[in-house]
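Nothing here was measured: the structure is a model prediction, and the numbers come from that model. Throughout, protein chains are lettered first and strands after them, A, B, ... in sequence-line order, and every chain is numbered starting at 1.
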2 protein chains.
Amino acid sequence: MVARDVEAVEARVSAPEDSVSTDRRPRADAVRNRDLLLSAAAAAFAARGADVPLEDIARAAGVGIGTLYRHFPTRDALVEAVYRYEVDVLCERADQLLEEMPPDLALAEWMQLFVRHVATKKGMLSALKPLLSSNPSFSDQTKGRAQAAATKLLNAGVAAGTVRADVDGADLLRAVGGICMSTDQERSEASERLVGLLFDGLRHGAAGSQVSG
Amino acid sequence: MVARDVEAVEARVSAPEDSVSTDRRPRADAVRNRDLLLSAAAAAFAARGADVPLEDIARAAGVGIGTLYRHFPTRDALVEAVYRYEVDVLCERADQLLEEMPPDLALAEWMQLFVRHVATKKGMLSALKPLLSSNPSFSDQTKGRAQAAATKLLNAGVAAGTVRADVDGADLLRAVGGICMSTDQERSEASERLVGLLFDGLRHGAAGSQVSG
DNA sequence: TTGCAAAACGGAGGGAACCTCCGGTATACT
DNA sequence: AGTATACCGGAGGTTCCCTCCGTTTTGCAA
């Protein structure tokens with residue numbers, strides 16, 4: 001690995017025109033098509049399960065099947081990319097929510113978003129589970145990012161004095177995730193109610209009522 | 001159900017030739033081929049996962065693909081039948097073990113068999129899980145039979161004074177199943193060790209040390 | 001034992017989905 | 001503006017699914 005990096009650097013120094021092939025900006029249509037494919041795939045997986053024909057996804061995205069396979073060589077690669085993409089969207093929403101409303105409301109809203117996020121992933125769960133267990137780094141990365149977003153929301157609430165301080169992001173995700181998992185099948189309103197309850201608990205011991213620390 | 005039985009009996013009495021079509025003994029080759037298919041499918045699912053081509057299974061069983069589809073119209077039907085079949089085998093082994101050795105040893109042996117049973121089902125789990133959740137009666141039946149076998153072993157041990165009396169079949173299966181599920185992937189020796197530990201616990205408070213009951 | 005009708009056998013073949021390959025095309029750099 | 005590079009997209013080979021139907025076996029009755 002180190003040797004290869006050295007070679008790459010030397011090549012760039014001694015022959016600048018070589019850097020073109022190394023970090024040339026991706027073509028605009030490639031970027032556009034990749035996004036189209038990801039959102040089409042996300043919709044298809046959520047609506048029709050994990051074994052929707054890839055040709056349907058390509059058609060829905062308005063690209064050829066060859067383009068889909070160039071961007072995502074295997075079905076697993078597509079599933080993984082969709083999952084990363086949706087986790088990204090969810091985490092970005094955390095920042096947006098914090099700008100739009102007080103931290104505690106942002107946290108409540110985000111927890112509900114998380115519930116719906118998990119609900120729409122039910123369909124692709126059978127394809128996702130092997131990926132998560134066979135690829136620890138992928139699992140760790142997505143989990144880490146979600147925890148970071150949760151922690152950010154919690155900390156903002158703590159700083160504003162509207163959320164208790166003795167819960168961290170990992171705990172929060174475990175609790176919400178557990179609720180989503182335990183309420184089987186199609187009953188998201190139950191999940192949302194339970195998460196609402198959990199949120200009230202988070203608000204309970206906020207600020208002044210915490211005596212020490 | 002009762003009404004149908006009555007009709008069948010009446011038909012047999014009033015028109016004996018009709019009984020041919022109602023309860024004619026299944027043809028010998030049909031029975032044989034069904035068994036061949038079940039064992040071939042069990043081996044294939046265990047070795048190659050749940051999405052092995054059905055044509056391979058038919059070939060391994062030495063029958064045509066048409067025969068496979070007549071016996072098991074859908075892939076799910078085959079998976080379900082294999083699962084029933086293997087649960088049957090496991091439960092029958094419980095009776096055999098009770099005849100071959102003292103109850104406590106039979107119980108220990110059967111728990112280890114159960115661990116291996118679950119381990120070989122890992123491959124078909126992805127196909128089995130939807131079946132179990134979408135078909136409660138199937139799930140209940142197999143669970144019920146396994147619990148009956150476990151209870152029988154436990155009771156024999158209790159009667160012999162070598163197994164404690166405050167655990168029932170459902171508890172035992174939950175515990176062993178939990179151990180199998182928690183020890184992820186390919187590490188059956190860990191499961192076997194934990195189950196051995198559990199068994200020692202079962203033996204612990206046996207006979208005289210139980211004061212009342 | 002023999003005949004027959006019901007039931008099972010097994011493979012050919014149409015259809016669906018997967019994935020590869022390659023000629024044509026758009027675009028990022030000089 | 002020119003050009004090499006990367007991308008586009010669909011035709012087509014392969015694999016698997018499942019059905020259909022002519023052939024063969026077998027259980028039952030005379």
Starting from [atom2] on [N], measure out to [atom1] on [X] and report it in whole angstrom.
{"X": "B:Ile57", "N": "D:dC16", "atom1": "CD1", "atom2": "P", "value": "12 Å"}
{"X": "A:Arg34", "N": "D:dC8", "atom1": "CZ", "atom2": "P", "value": "12 Å"}
{"X": "A:Arg32", "N": "C:dA28", "atom1": "CZ", "atom2": "C1'", "value": "15 Å"}
{"X": "B:Arg59", "N": "D:dC17", "atom1": "CZ", "atom2": "P", "value": "11 Å"}
{"X": "B:Asp29", "N": "D:dT25", "atom1": "CG", "atom2": "P", "value": "10 Å"}
{"X": "B:Arg27", "N": "D:dG27", "atom1": "CZ", "atom2": "P", "value": "7 Å"}

Salt-bridge contact A:Arg75-A:Asp51 (side-chain N to carboxylate O under 4.0 Å):
no

Salt-bridge criterion met for A:Glu55 and A:Arg59 (N-O under 4.0 Å)
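Not counted as a salt bridge, because no side-chain N and carboxylate O are separated by less than 4.0 Å.
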
Name the nucleic acid region contacted by A:Ala58, choosing base, sugar-phosphate or nothing; use a 4.0 angstrom heavy-atom cut-off, strictly under.
nothing

Over 60° means perpendicular and under 30° means parallel, so classify the ring planes of B:Tyr83 and B:Phe138, tilted if in between.
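Taking B:Tyr83 first and then B:Phe138, their aromatic rings stand perpendicular (interplane angle over 60°).
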
Would you indicate, yes or no, if D:dC7 has its OP1 or OP2 atom less than 4.0 angstrom from a side-chain nitrogen or oxygen of A:His71?
no

Does NZ in B:Lys121 sit with more than 12 non-hydrogen atoms of other residues, nucleotides or ligands closer than 6.0 Å?
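Result for NZ/B:Lys121: enclosed.
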
Would you mind building the protein contact string for nucleotides 10-21 of chain C? One character per nucleotide, 5' to 3', B for base within reach (heavy atoms under 4.0 Å), S for sugar-phosphate only, - for untouched.
BBB----SBBB-

Measuring from atom CG of B:Asp104 to atom CD of B:Glu109, what distance do you get when rounded to the nearest 0.5 angstrom?
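Answer rounded to 0.5 Å: 12.0 Å.
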
Please answer whether the main-chain N or O of A:Leu90 pairs with a side-chain N or O of A:Trp110 as donor and acceptor at a distance below 3.5 Å.
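At least one qualifying donor-acceptor pair exists.
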
